[in-house]
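The analysis underlying the following values was restricted to heavy atoms, covering all of them including side chains, and did not include hydrogens, waters or symmetry mates. Chain letters run A, B, ... following the sequence lines, proteins first and then strands; every chain starts at 1.
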Amino acid sequence: MIWEESFFERVFQITRLIPKGRVTSYGAIARALGTTGSSRMVGWAMSVSYAAKPSVPAHRVVNRNGLLTGKHHFGSPDRMKQLLEQEGVQIENDRVKNFKNIFWDPASLAELAE
DNA sequence: ACTTTGACTATAA
DNA sequence: GTTATAGCCAAAG
């Protein structure tokens with residue numbers, strides 16, 4: 001088992017696996033960790049991800065609707081949107097365009113990470 | 001050890 | 001489409 005670390009560390013590892021130009025949801029990450037109901041904890045982990053090393057691409061994590069719920073935690077409300085657009089993710093009205101298409105399920109790589 | 005909280009999610013109206 | 005409510009789990013106070 002590689003994840004003998006705390007819950008946060010596991011979240012960080014999964015989050016760092018998100019491919020560029022893709023996004024995922026908090027619930028999906030939680031489910032990939034085996035703690036399906038702890039989706040809120042995933043978001044909390046992101047709140048401390050600023051101290052994580054290496055940096056965690058928290059901007060690639062949105063809620064299950066593709067809404068940039070955590071944008072307010074990036075210093076500037078538009079920071080998250082800009083970071084995503086930089087990676088080719090189209091944002092419209094604080095929502096990921098074609099979210100269903102670019103959604104990346106961490107569980108797909110969680111098996112390989114083991 | 002107890003209470004509060006939080007970047008969520010699912011269901012209902 | 002929206003808002004409201006409840007369930008959820010782990011860390012912080």
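- One interatomic measurement links the two molecules: CZ of Phe8(A) to P of dA10(C), which rounds to 11 Å at whole-angstrom precision.
- Rounded to an integer number of Å, the gap from OH of Tyr50(A) to P of dA7(B) is 14 Å.
- One atom, NE2 of His72(A), and another, P of dA7(B), lie 10 Å apart when rounded to the nearest Å.
- Among dG6(B), dC8(B), dA7(B), the nucleotide with an atom closest to any side-chain atom of His73(A) is dA7(B).
- Among residues two or more places apart in sequence or in another chain, the salt bridge (Lys or Arg N to Asp or Glu O under 4.0 Å) test is passed with Lys71(A) by Asp94(A).
- Residue Ala58(A) is in base contact, counting any heavy-atom pair closer than 4.0 Å across all strands shown.
- The other residues sharing a hydrophobic cluster with Phe103(A) are Val23(A), Val62(A), Leu68(A), Phe74(A), Met80(A), Leu83(A), Leu84(A), Val89(A), Ile91(A), Val96(A), Phe99(A), Ile102(A), where clustering joins ILVMFWY side chains under 4.5 Å apart.
- In this structure, Glu9(A) places its CD atom 12 Å from P of dA11(C), rounding to the nearest Å.
- Projected onto DNA chain C by closest heavy-atom contact, Ser39(A) and Val48(A) fall at different nucleotides, the more 5' of which corresponds to Ser39(A).
- For Asn93(A) (side chain) and Arg95(A) (main-chain N/O), no donor-acceptor pair under 3.5 Å exists by modelled atom type.
- Between the C1' atom of dC9(C) and the CE atom of Met46(A) lies a distance of 15 Å, rounded to the nearest Å.
- Residue Thr36(A) is out of contact with every strand shown, counting any heavy-atom pair closer than 4.0 Å.
- Considering only the side chain of Met80(A), dA7(B) comes nearest among dC9(C), dA7(B), dT9(B).
- For Gln90(A), the CD atom counts as loosely surrounded, since its 6.0 Å shell holds 12 or fewer non-hydrogen atoms of other residues, nucleotides or ligands.
- Counting to the nearest Å, the P atom of dA7(B) and the CZ atom of Phe12(A) are 15 Å from each other.
- Residue Val61(A) is the one, among Val61(A) and Arg31(A), whose nearest nucleotide of DNA chain B lies closer to the 5' end (criterion: closest heavy atom).
- Nearest nucleotide to the Arg40(A) side chain, out of dA7(B), dA10(C), dC8(C): dC8(C).
- In this structure, CZ of Phe99(A) is placed 13 Å from C1' of dT9(B), rounded to the nearest angstrom.
- The CG-C1' distance, from Leu67(A) to dT2(C), rounds to 14 Å in whole Å.
- The line from OG of Ser25(A) to CG of Leu67(A) is 12.5 Å long, rounded to the nearest 0.5 Å.
- Phosphate proximity of dG6(B) to Ser47(A): absent, as no side-chain N or O sits under 4.0 Å from OP1 or OP2.
- Contact annotation for Tyr26(A): base contact, defined as any heavy-atom pair under 4.0 Å involving a base atom.
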